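Reminder, nothing fancy here: chain letters follow the sequence lines and each chain counts from 1. This one's a predicted model, so the numbers in the text were calculated from it and none came from an experiment.
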Number of protein chains: 2
Amino acid sequence: MTPFLQLIFTLTIIILAAKSAGYLVTRLGQPSVLGELLVGILLGPTLIDLTHLPFITDPHLGEIIYEMGELGVLMLMFIAGLELHLSDLTRETRASAYAGILGVLVPVGFGLGTGLMLGQPFTLALFLGLSLGATSVSISAQTLIEMKALRSRIGLTLLGAAVFDDVLVILLLSIFVAVSSGGNGLTETALVLLKMIVFLGASAAFGIWLLPRLSRLVARLSVSQGSLAFAIVILLVYGLAAELVGGMAAITGTFMAGLMFSRTPEKSVIEPGLHAIAYGFFVPIFFISIGLGVDLANLGLDAVWLTLVITVVAILGKVIGSGIGGRLGRLNWRESLQLGVGMISRGEVGLIVAQLGLDEGLLDQTTFSAVIGMVILTTVVTPPLLRASFAQPKPAPQPGGQEEVS
Amino acid sequence: MTPFLQLIFTLTIIILAAKSAGYLVTRLGQPSVLGELLVGILLGPTLIDLTHLPFITDPHLGEIIYEMGELGVLMLMFIAGLELHLSDLTRETRASAYAGILGVLVPVGFGLGTGLMLGQPFTLALFLGLSLGATSVSISAQTLIEMKALRSRIGLTLLGAAVFDDVLVILLLSIFVAVSSGGNGLTETALVLLKMIVFLGASAAFGIWLLPRLSRLVARLSVSQGSLAFAIVILLVYGLAAELVGGMAAITGTFMAGLMFSRTPEKSVIEPGLHAIAYGFFVPIFFISIGLGVDLANLGLDAVWLTLVITVVAILGKVIGSGIGGRLGRLNWRESLQLGVGMISRGEVGLIVAQLGLDEGLLDQTTFSAVIGMVILTTVVTPPLLRASFAQPKPAPQPGGQEEVS
C-alpha cells in the first residue's frame with residue numbers, strides 16, 4: 001500500500017470506530033465522547049497499535065493523524081465559541097475568575113505537597129504541581145453540548161474559567177522557567193503578560209469591529225463555500241496568533257474566533273458547515289488520537305501507582321479549587337460541584353507542560369509517564385462524572401422492587 | 001514554530017489564496033478552478049515554495065498537504081457521482097465507450113509516433129504514448145459543476161468515458177509491464193481484467209442492495225453527523241477497494257461510491273455536509289497541491305521544448321480520439337468537440353504512469369519532466385477551453401463599433 005492508501009485505511013477505521021463506540025455508549029446513557037476516548041485507547045499501542053500495523057510502512061502516519069486530530073480540537077473550541085455570545089461570557093465573570101484562579105492554585109499546591117511527600121526536591125515537586133494546573137475544557141464543552149447545557153450558567157462559567165485558567169497557568173509556567181533558569185522573573189512575567197494583553201486586545205478589537213464587515217463582504221461574493229472557508233481561515237489565524245503572539249494555547253484562540261463569529265449574521269451559514277467538517281471528520285480523529293498516544297500495557301508498576309495517586313490529587317485539586325471558586329462566585333453548592341467536575345479534564349496544555357518538564361530535566365521519566373496517564377484518566381472520567389453531576393436525584397428504589405427498563 | 005503551527009500557517013495561506021484566486025478568475029468569466037491551479041503554481045517551488053519557507057522545519061509538511069489534497073480529489077469525485085443517477089450514466093454508454101476507448105488509443109498512437117520521430121527506441125516511445133493515455137476528469141467535472149452542465153449529455157458521456165478510459169489505460173499498462181518484463185501477457189491481462197470485474201461487480205452489488213439499507217439504518221441512529229460520517233467511511237472504503245481489489249484509480253472508486261449514494265434518500269443530508277468539507281477545506285488544498293508539485297523555474301530549455309511538443313500531441317490526441325468517439329456515438333460535431341476538450345486534462349493516473357516509467361527506466365529524466373509538465377498544462381488549459389467550447393457563438397463585432405463593457 002502507498003502511504004496515502006495507508007492513511008485512507010487508518011482514517012476509515014478511526015471514523016468507523018469512533019462513531020460506533022460513540023453510539024454504543026449513548027445507548028448506555030453516557031456522552032459519546034467517552035466511547036470515542038475508550039475505543040481510541042483500544043486502537044492505540046495498548047492493544048491494536050493502529051498506526052504501526054504490519055502493513056503500515058509510513059513512519060509519519062501517526063504524526064499526520066495526530067495533526068488532523070489537533071485540527072479537530074481547534075474546530076471543537078471554535079464551535080463552542082460559536083454557540084455562545086460575548087455577553088453570555090461576561091455575565092459570570094466573577095465566578096469564572098474565582099473558579100479559574102483557584103482551580104489552578106489548589107492543584108498546584110496539592111501537586112507540590114504530593115511531590116514533597118514522595119521525597120522529590122522542591123523544584124521538581126513544584127513542577128509536578130504546575131503540570132496538574134492546566135484544565136482543558138474541550139472534553140467538558142463537548143459533553144455539555146451533547147447535554148444541551150453549554151449555555152447553562154455552569155457551561156458559561158466553565159468556558160470563562162478556562163480562559164482565566166489558561167492565562168494563569170501560562171503565566172506561572174513562564175515565571176517558573178524564567179526563575180529556574182536564573183532569569184529575571186519580573187521582566188519575564190511582564191513580557192508574558194504584555195503578549196497576552198496584546199493578543200487578547202487585538203483579536204477582540206479585530207473581531208468586534210472588522211470581522212463583521214469582512215464576513216458580510218465575503219458572504220456577498222459568489223465563492224463556493226465562501227463564508228465557511230473564510231471562517232476556517234479566521235479560525236486558523238486566531239489559533240496561530242494565540243500561540244505566536246499571545247504565547248497562549250491555540251484552542252484559546254479558536255474559541256475566541258468562534259465567539260467573534262457568534263455575533264455575525266453569517267453564523268447561520270457557518271455553523272452547519274463547520275459542524276459537518278468537525279463532527280463528520282476531524283473531531284472523531286481528535287478523540288481517537290488521544291488514545292493512540294497512550295500505552296497502558298507498558299506502564300511499570302511504580303508508574304501505575306504514581307499515575308493513580310497523581311490522578312486522584314489532580315481530580316480533588318480541581319473539584320475543590322474550582323468548586324470553592326464557584327461558591328465564592330455565588331454559585332450554589334450543586335452548581336459549584338458541577339463546575340469543579342467540568343474543570344477536571346486536562347489536555348494539550350498539561351501535555352505541553354509535561355513535555356517541557358521532561359526536556360528541562362524538571363520531571364523524571366516515571367513522573368512524566370504518570371502525568372500523561374493522569375491527562376488521559378481525567379479526560380476519560382470527566383464525561384461520565386459531569387453527566388452524573390447533572391443527573392436529577394432519583395427517588396430511592398423500593399426494596400425488592402423491580403428495576404425498570406426503558 | 002512547532003510542526004503543527006507550520007501546518008496551520010500553510011493551510012491558512014492555501015485556503016485564502018485558493019478562494020481569493022478562484023473568486024478573481026470568476027470575475028473574468030473563467031471557472032474558479034483555473035485560478036486555484038494558477039495560484040498553486042505561484043505558491044509552489046516556481047516562485048514562493050510555500051512548504052519550504054525559511055521557518056518551515058517540518059520535512060513532512062509537503063507530504064501532509066499532498067495527502068490532504070488527495071483526500072480532496074476523492075471527495076470531489078464522490079460529489080460528481082452524487083450529483084448523478086446510475087441511470088443517467090448508462091444512457092450514453094455507446095458514446096462513452098467509443099470516446100473512452102479512442103480517447104486512449106489515439107493519444108497512445110500519437111505519443112508512440114512522436115517518440116519514434118524524436119529517435120527514441122520503440123519500447124520507450126510506446127511508454128511515452130501510454131503516459132499520454134490517461135484522462136483525469138476531476139478538473140472537467142468541477143468545471144461542468146460550476147457551469148451547471150454536469151448532468152448535460154456531454155457531462156454524462158464524459159463521466160462514463162472516464163471509466164472506460166481508466167479501465168483501458170490500466171489494462172494496457174499492465175500488459176505492457178508484463179510483456180516488457182518477460183511475463184506472459186495473456187495471463188497477466190486476464191488477471192487484471194478479473195480484478196476489475198470483481199471490484200466493479202462487488203461494489204455495484206453492495207451499493208445497490210446493501211448500501212440503501214445500511215444508510216437508512218444509520219440515519220435513524222442518534223449519532224452526531226452520523227449519515228455524513230457513514231458516507232465518508234464508504235467513500236474511503238470504495239477508494240481503497242478500487243486500488244487494492246480492482247487495481248484501478250481510487251477516484252474511480254469514490255466516484256462509484258457517490259453514484260451509489262445518489263440513489264438513497266439520505267443523499268439530501270449527505271450532500272450539503274460533504275460539500276462543506278470538500279469545498280470549504282479539502283478541495284482547495286487539492287488544486288493548490290497540484291501547483292506545489294511543479295517547478296517551472298528549473299525546467300531546462302530542452303525540457304521546455306519537449307513539454308510543449310508533448311502537450312500539443314496530448315491535447316490533439318484526446319480531442320481527435322474522443323471527438324471521433326463522440327461522433328461514432330452519435331453526438332453532433334459541436335458536442336463531440338466539447339467531449340474531446342473535456343477529456344484533455346490528465347491527472348493522477350498520468351503521474352503514476354510517468355513515475356512507474358522513471359522507476360523502470362522506461363522514461364528518461366527529461367521525458368519524465370516533460371510528461372509532468374504536460375499533466376499540469378493540460379490541467380490548466382482544460383477549464384478555459386471547456387468553457388469556451390460551451391460558449392454561444394456571438395455575432396461578429398461591427399467594424400469600428402465600440403466595445404461594450406458590462
Side-chain angles (χ1 to χ4, degrees), chain A residues 1-5 7-9 11-13 15-16 18-20 22-23 26-27 32 58-60 63-64 66-68 70-71 74 145-146 218 221-237 239-240 243-244 250 272-284, chain B residues 1-5 7-9 11-13 15-16 18-20 22-23 26-27 32 58-60 63-64 66-68 70-71 74 145-146 218 221-237 239-240 243-244 250 272-284:
Chain A
M1 282 205 274
T2 65
F4 179 61
L5 291 182
L7 174 65
I8 299 186
F9 171 80
L11 290 175
T12 306
I13 302 292
I15 297 174
L16 191 61
K19 291 296 180 185
S20 308
Y23 170 69
T26 56
R27 293 295 301 259
S32 68
D58 181 5
H60 316 306
E63 185 190 333
I64 296 174
Y66 167 79
E67 296 196 341
M68 285 187 168
E70 288 298 293
L71 286 172
L74 296 189
I145 289 173
E146 285 186 41
V218 169
L221 304 180
S222 64
V223 176
S224 174
Q225 299 287 351
S227 285
L228 178 63
F230 176 68
I232 292 176
V233 166
I234 296 293
L235 176 167
L236 295 174
V237 169
L240 205 61
E243 294 256 6
L244 297 183
L274 214 85
H275 208 270
I277 300 188
Y279 291 103
F281 194 86
F282 285 108
V283 171
Chain B
M1 283 205 273
T2 64
F4 179 60
L5 292 182
L7 175 64
I8 300 187
F9 170 81
L11 290 175
T12 307
I13 302 292
I15 298 174
L16 192 61
K19 290 297 179 184
S20 309
Y23 171 69
T26 56
R27 293 297 301 260
S32 69
D58 181 5
H60 316 307
E63 186 191 332
I64 296 173
Y66 167 78
E67 295 197 340
M68 286 186 167
E70 288 299 293
L71 286 172
L74 296 190
I145 289 173
E146 286 185 42
V218 169
L221 303 181
S222 64
V223 176
S224 175
Q225 299 286 351
S227 285
L228 179 62
F230 177 68
I232 291 175
V233 166
I234 296 294
L235 176 168
L236 296 174
V237 170
L240 205 59
E243 293 256 5
L244 298 184
L274 214 87
H275 207 270
I277 301 188
Y279 292 102
F281 194 85
F282 285 107
V283 171

Residues at least two apart in sequence or cross-chain that pass side-chain contact (heavy atoms from CB on, under 4.5 Å) with Thr2(A), listed by chain then number, are Phe4(A), Leu5(A)
Residues two or more places apart in sequence or in another chain: which of them pass side-chain contact (heavy atoms from CB on, under 4.5 Å) with His275(A)?
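For His275(A), the residues satisfying side-chain contact (heavy atoms from CB on, under 4.5 Å) (neighbours in sequence not counted) are Tyr279(A), Ser224(B), Gln225(B).
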Validation row: [X], [Y] side chains within 4.5 angstrom (heavy atoms):
X: Asp58(B); Y: Glu63(A); answer: yes
X: Met68(B); Y: Leu71(A); answer: yes
X: Phe282(B); Y: Phe281(A); answer: yes

Side chain, backbone, both or neither: which part of [X] has a non-hydrogen atom closer than 4.5 Å to chain A?
X: Pro284(B); answer: neither
X: Leu236(B); answer: both
X: Ile8(B); answer: both
X: Leu16(B); answer: both
X: Val233(B); answer: both
X: Glu243(B); answer: side chain

Most heavy-atom pairs under 4.5 angstrom with chain A, which of Lys19(B), Arg27(B), Glu146(B)?
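Maximum pair count with chain A is reached by Lys19(B).
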Find the distance between CD1 (Ile232(B)) and OG1 (Thr12(A)) and round it off to the nearest 0.5 Å.
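Answer rounded to 0.5 Å: 10.5 Å.
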